[in-house]
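Atoms within a ligand are numbered from 1 in the order they appear, just like the ligands themselves.
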Amino acid sequence: MTSRRLLVTGGAGFIGCNFLRHWIKTHPDDRLVVLDALTYAGNLASLPDLQTRSNGRFVQGNIGDRALVDSLLKTEAIDTLVHFAAESHVDRSILGPAAFIQTNIVGTFTLLEAFREHWQQQGRPDHYRWLQISTDEVYGSLGPADPPFSETTAYAPNSPYAASKAGSDHLVRACHQTYGLPTLITHCSNNYGPYQYPEKLIPLMCINGLLGRSLPVYGDGQNIRDWIHVADHCRALEAALEKGIPGESYNLGGNNQIKNIDLVRQLCTYLDDRAPDLPRRPAHSLIRYVSDRPGHDRRYAISTAKAARELGWQPAIKFEHGLRHTVSWYLNHKHWWQPLLSAAYRAYYRQVYGEDGAAET
Ligand code: NAD
Ligand code: TYD
């Protein structure tokens with residue numbers, strides 16, 4: 001395959017930075033330009049070393065800045081746009097949905113218009129790609145006996161986050177149908193692994209456990225998610241770029257449904273095993289049931305049959321192994337997460353979990 005010139009938005013976030021590491025290893029000759037606004041979730045310390053690579057570049061900027069995006073697409077001769085940048089946390093979307101509409105819908109629209117015009121100006125090349133990184137949350141919530149989401153499941157988003165991602169996907173789909181832009185949409189389930197911001201379930205439980213703080217489980221803890229290791233997700237994105245058919249969407253998941261409370265208990269046993277100086281043990285004694293998230297989706301499950309059939313991809317990392325490794329990563333990377341527990345993070349934490357931080361011990 002000839003080399004590509006990628007613009008990766010949101011590359012300083014969790015999945016984006018893992019994707020960059022993967023891409024540098026698998027496609028060392030490709031040009032990688034990263035555009036990231038460095039919001040609270042973006043972190044230069046997560047990025048692989050781009051500056052010393054002659055074919056890598058980091059640009060701090062907003063996907064909604066049309067002039068900046070136009071100039072990057074042109075001067076860098078971008079042919080592949082991998083779009084991770086988003087407001088991504090459901091709890092924050094409940095506290096303040098406006099930023100989600102602005103970035104995920106308006107920002108994506110601006111970026112999409114810029115990429116479409118760039119593609120048209122270049123004579124509509126077939127090999128150009130827009131890869132839209134979407135989520136299984138656009139499909140809404142499943143009952144216990146419902147079949148998993150497939151690519152033909154109707155959208156029924158329940159949170160402002162999911163609704164904003166759905167809106168973004170619709171714009172991308174329409175751009176393919178109307179103008180023929182070669183787009184791909186992937187819908188992935190819950191990711192876990194290194195460099196995930198502390199507000200999400202797995203890092204939050206690891207970090208709170210290491211600090212001897214309570215482990216807040218929403219509602220009755222029976223909500224089900226399908227967890228996939230971020231490295232498996234990145235391999236799927238590579239397969240989509242290489243083998244995906246423009247205009248198609250692909251569901252990606254870990255084939256690994258687990259109840260939140262069971263996940264947290266499993267994580268606690270790994271903390272007990274791996275962390276010699278845990279302030280409170282056993283770690284599961286820190287678990288607290290707290291008020292449920294409003295509109296909390298009960299169950300997600302996703303069929304990966306189409307991705308297996310058409311992209312030749314399947315998740316490979318067993319959850320037990322991936323979770324154990326992730327717990328060790330947080331244990332060994334305090335220097336990465338400690339600076340993130342800022343005053344702003346603590347203020348956010350109090351807003352979601354209350355003044356006592358879910359009865360912090
Ligand atoms: P994240 O919150 O860790 O990172 C988002 C990144 O986007 C940050 O670096 C942030 O600075 C950047 N960003 C935000 N607004 C921006 C803007 N206006 N302009 C430029 N950059 C901006 O998110 P993540 O977990 O890495 O998720 C990445 C993408 O994958 C998102 O689109 C998300 O919807 C999707 N996704 C995530 C998961 C998951 O489990 N984390 C699952 C499926 C899909
Ligand atoms: P999260 O990581 O926020 O991902 P999403 O909401 O996108 O699925 O949450 C995963 C699950 O864990 C979800 O059912 C909500 C639950 N949860 C808790 O029980 N406690 C917490 O403190 C958090 C952040 C999440």
Side-chain angles (χ1 to χ4, degrees), residues 8-19 34-44 46-47 59-65 68-69 82-94 99-100 102-104 106-108 110-111 132-138 141 158-159 161-162 164-165 168-169 186-193 195-205 208 214-228 230 233 237 251-254 258-261 263-264 287-293 295-300 302 349 352-353 357-358:
V8 178
T9 70
F14 164 48
I15 306 176
C17 78
N18 279 285
F19 175 83
V34 178
L35 175 64
D36 196 297
L38 297 180
T39 67
Y40 80 91
N43 188 346
L44 284 178
S46 302
L47 281 175
V59 178
Q60 181 172 0
N62 199 302
I63 55 167
D65 180 342
L68 172 64
V69 171
V82 187
H83 184 32
F84 294 100
E87 289 293 337
S88 72
H89 190 40
V90 172
D91 292 324
R92 287 191 193 253
S93 81
I94 296 168
F100 288 72
Q102 197 54 43
T103 289
N104 300 358
V106 181
T108 298
T110 306
L111 189 67
Q132 167 84 355
I133 318 297
S134 187
T135 162
D136 59 355
E137 302 194 26
V138 298
S141 184
N158 289 321
S159 69
Y161 162 66
S164 67
K165 289 295 291 186
S168 166
D169 293 355
T186 55
H187 297 281
C188 194
S189 62
N190 287 66
N191 283 225
Y192 71 99
Y195 300 103
Q196 189 167 26
Y197 190 79
E199 68 195 354
K200 303 275 168 66
L201 180 72
I202 290 180
L204 187 140
M205 295 297 164
N208 281 15
S214 46
L215 308 179
V217 173
Y218 294 157
D220 61 6
Q222 301 295 304
N223 303 65
I224 294 173
R225 296 292 183 266
D226 171 7
W227 292 90
I228 179 173
V230 65
H233 186 190
L237 298 177
N251 283 354
L252 309 171
I258 180 167
K259 289 179 182 159
N260 289 344
I261 186 63
L263 185 161
V264 174
I287 293 176
R288 303 281 181 276
Y289 288 96
V290 302
S291 310
D292 209 354
R293 169 190 282 174
H296 193 176
D297 285 339
R298 195 65 174 167
R299 173 175 166 242
Y300 302 143
I302 195 147
Y349 200 92
V352 176
Y353 301 96

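None of Lys165, Gln132, His83 except one satisfies the side-chain hydrogen bond (donor to acceptor under 3.5 Å, both in side chains) rule with Thr108; the exception is His83.
With values rounded to the nearest 0.5 angstrom, Asp169 atom CG is found 3.5 Å from Ser134 atom OG. Separating the NE2 atom in His89 from the CZ atom in Phe100 is a distance of 8.0 Å, to the nearest 0.5 Å. Considering CG of Leu252 and NE2 of His233, their distance stands at 5.5 Å, rounded to 0.5 Å.
Taking a cut-off of under 4.0 Å to the non-hydrogen atoms of His89, the atoms of ligand 2 that pass are 3 (O). Proximity to Glu137 (heavy-atom distance under 4.0 Å) selects the following atoms of ligand 2: 5 (P), 7 (O), 8 (O). Contact atoms of ligand 2 toward Asn190: 4 (O), 5 (P), 7 (O), 8 (O), 10 (C) (distance under 4.0 Å to a heavy atom of the residue). Ligand 2 places these atoms under 4.0 Å from at least one heavy atom of Arg225: 8 (O), 13 (C), 14 (O).
Aromatic ring orientation, Tyr353 versus Tyr218: parallel (interplanar angle below 30°, classes split at 30° and 60°).
Any N or O atom pair closer than 3.5 Å counts here, and Asp91 shares no such pair with ligand 2. When only interatomic distances are considered, the shortest N/O to N/O separation between Leu204 and ligand 2 does not fall below 3.5 Å. For ligand 2, the polar-atom distance check finds no N/O of Asn223 at less than 3.5 Å from any of the ligand's N/O atoms. Where the criterion is an N or O separation shorter than 3.5 Å, residue side chain and backbone included, Val217 fails it with respect to ligand 2. Inclusion of Lys200 in the set of residues having an N or O under 3.5 Å from an N or O of ligand 2 is not warranted. Of the polar atoms of Trp227, none of the N or O atoms is found under 3.5 Å from an N or O of ligand 2, judged by distance alone. Taking only nitrogen or oxygen atoms, main chain and side chain alike, Glu199 does not reach within less than 3.5 Å of ligand 2. Between Arg293 and ligand 2, at least one pair of N/O atoms sits closer than 3.5 Å.
Of the protein's non-hydrogen atoms, the one nearest atom 14 (O) of ligand 2 is His296 NE2, 2.7 Å. Pro216 O, 2.8 Å is the protein heavy atom nearest to atom 20 (N) of ligand 2. Looking at atom 19 (O) of ligand 2, its nearest protein heavy atom turns out to be Tyr218 N, 2.9 Å.
At a heavy-atom cutoff of 4.0 Å, ligand 2 is contacted by both the backbone and the side chain of Leu201. Contact annotation: for Ile202 versus ligand 2, there are no heavy atoms closer than 4.0 Å.
In plain terms, the two heavy atoms of Leu38 and Asn43 that are nearest each other are CD2-N, 3.9 Å.
Counting heavy atoms only, Asn260 comes closest to atom 12 (O) of ligand 2 of the residues Asn260, Asp226, Ile261, Val352.
In terms of modelled atom types and a separation under 3.5 Å, the side chain of Asn208 and the main chain of Ser214 share a donor-acceptor contact.
Residues Asn260 and Leu201 form a side-chain contact, since some pair of their non-hydrogen atoms from C-beta on lies under 4.5 Å apart.
At least one heavy atom of Tyr353 sits closer than 4.0 Å to an atom of ligand 2.
The residues lining ligand 1, counting any heavy atom closer than 4.0 Å, are Gly10, Ala12, Gly13, Phe14, Ile15, Asp36, Ala37, Leu38, Thr39, Ala41, Gly42, Gly61, Asn62, Ile63, Phe84, Ala85, Ala86, Ser88, Thr103, Ile133, Ser134, Thr135, Tyr161, Lys165, Cys188, Ser189, Asn190, Asn191.
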